[in-house]
Each structure stands twice: as C-alpha cells, then as structure tokens.
Amino acid sequence: MFPSNKRLTIISFCIASLLLLPLVAMQFTDEVKWTLSDFVVAGILLLVAGLAVEFTMRKVKTTKLRIVACVVLLLVFLLLWAELAVGIFGTPISGH
C-alpha cells in the first residue's frame, strides 16, 4: 500500500467512525434525530476538511505554516458546522 493511500484510508476510517457516533446515539435516545441528508452533509463536510488537511500537509513545507494552515482549516470547519447546526450567523444555509 502506498503512503498516500494509507493516509486516505485513515481519513476515511476516521470519518466513518465519527458518523457512527450519532447513528449509535439515535438507537438509545430521542435527543439525536439525524436524517439521511444530515449524514450526507456531515460526511461531505468531514471529507472536505480531511482532504484539505491532507493537501496542506503535502504542499506546505514548513512546520509553522502547516500548523497555521491546519488551525485555519479547523476554524473554518467548526464555523461552518455550527452554522449548519444552529445558524449562528443566520445565513440561508442555517440549520433552523
């Protein structure tokens, strides 16, 4: 297995593991109510974030710039996730 394929496999495994959490929670409580579209959007968002970090790690050479770029990507991911979930900015894509 090539190193790039190994990292992509790890990213895919992490995404699947994260998406299993709400799926399992839905079996035990009525507090978590995700639809198929919620899983699809979350999967796409996680995949884009994971691939962006992978691209950053491949293309950025210095450790300091890698850290800065990954922190920025994490912040963008979290802001977009929060907007989709509860609509903190009130945009048309907000979750409420």
Side-chain angles (χ1 to χ4, degrees):
M1 182 177 281
F2 298 105
S4 63
N5 289 339
K6 184 177 180 182
R7 286 194 292 205
L8 293 177
T9 303
I10 292 170
I11 290 170
S12 300
F13 178 76
C14 290
I15 291 169
S17 298
L18 286 172
L19 289 176
L20 278 176
L21 293 173
L23 183 65
V24 170
M26 286 172 45
Q27 308 307 312
F28 296 105
T29 182
D30 291 333
E31 298 293 320
V32 180
K33 297 176 185 173
W34 280 33
T35 62
L36 179 62
S37 62
D38 293 326
F39 283 99
V40 169
V41 169
I44 290 170
L45 187 60
L46 288 167
L47 181 64
V48 168
L51 292 178
V53 169
E54 172 66 17
F55 181 77
T56 301
M57 297 305 269
R58 286 185 186 198
K59 297 298 179 185
V60 178
K61 300 298 181 200
T62 63
T63 303
K64 188 175 183 178
L65 286 177
R66 281 182 179 179
I67 291 171
V68 170
C70 288
V71 167
V72 168
L73 287 171
L74 178 65
L75 289 175
V76 169
F77 167 77
L78 291 175
L79 285 173
L80 186 56
W81 186 283
E83 179 62 24
L84 289 170
V86 295
I88 57 174
F89 301 117
T91 64
I93 64 166
S94 67
H96 61 74

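Counting begins at 1 with the first residue of the sequence. These figures come from a predicted structure and were not determined experimentally.
Considering only residues two or more places apart in sequence or on other chains, Cys70 meets the side-chain contact (heavy atoms from CB on, under 4.5 Å) condition with Val53, Thr56, Met57. Considering only residues two or more places apart in sequence or on other chains, Phe39 meets the ring pair (Phe, Tyr, Trp, His ring centres under 6.0 Å) condition with Trp34.
Considering CG of Leu46 and CH2 of Trp81, their distance stands at 5.0 Å, rounded to 0.5 Å. Taken to the nearest 0.5 Å, the CG atom of Leu51 stands 6.5 Å off from the CG atom of Leu8.
Side-chain atoms of Glu83 come within 3.5 Å of backbone N or O of Phe89 as a donor-acceptor pair.
Grouped by direct or indirect side-chain proximity (heavy atoms under 4.5 Å, Ile/Leu/Val/Met/Phe/Trp/Tyr only), Leu36 sits with Val40, Ile44, Val48.
Using a 4.5 Å heavy-atom threshold, the side chains of Ile88 and Leu79 count as touching.
Residues Leu47 and Val41 share a hydrophobic cluster, clusters being chains of Ile/Leu/Val/Met/Phe/Trp/Tyr side chains in contact below 4.5 Å. The same ILVMFWY cluster, assembled from side-chain heavy atoms under 4.5 Å apart, contains both Leu78 and Leu80. Cluster membership for Leu73 and Ile11, using ILVMFWY side-chain heavy atoms within less than 4.5 angstrom, is not shared. Cluster membership check: Leu84 shares its hydrophobic cluster with Leu74, using side-chain heavy-atom separations under 4.5 Å among Ile, Leu, Val, Met, Phe, Trp and Tyr.
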Side chains of residues 17-33: which donor-acceptor pairs under 3.5 Å do they make with residues two or more places apart or in other chains?
{"from": "Ser17", "atom 1": "OG", "to": "Phe13", "atom 2": "O", "distance (Å)": "2.9"}
{"from": "Gln27", "atom 1": "NE2", "to": "Leu23", "atom 2": "O", "distance (Å)": "3.2"}
{"from": "Thr29", "atom 1": "OG1", "to": "Glu31", "atom 2": "N", "distance (Å)": "3.2"}

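Listed by first and then second residue, the side chain to side chain donor-acceptor pair (under 3.5 Å) pairs involving residues 59-73 amount to none (not counting sequence neighbours). A side chain to side chain donor-acceptor pair (under 3.5 Å) check over residues 37-46, counting only residues at least two apart or in different chains, returns the pairs Thr35-Ser37, Thr35-Asp38.
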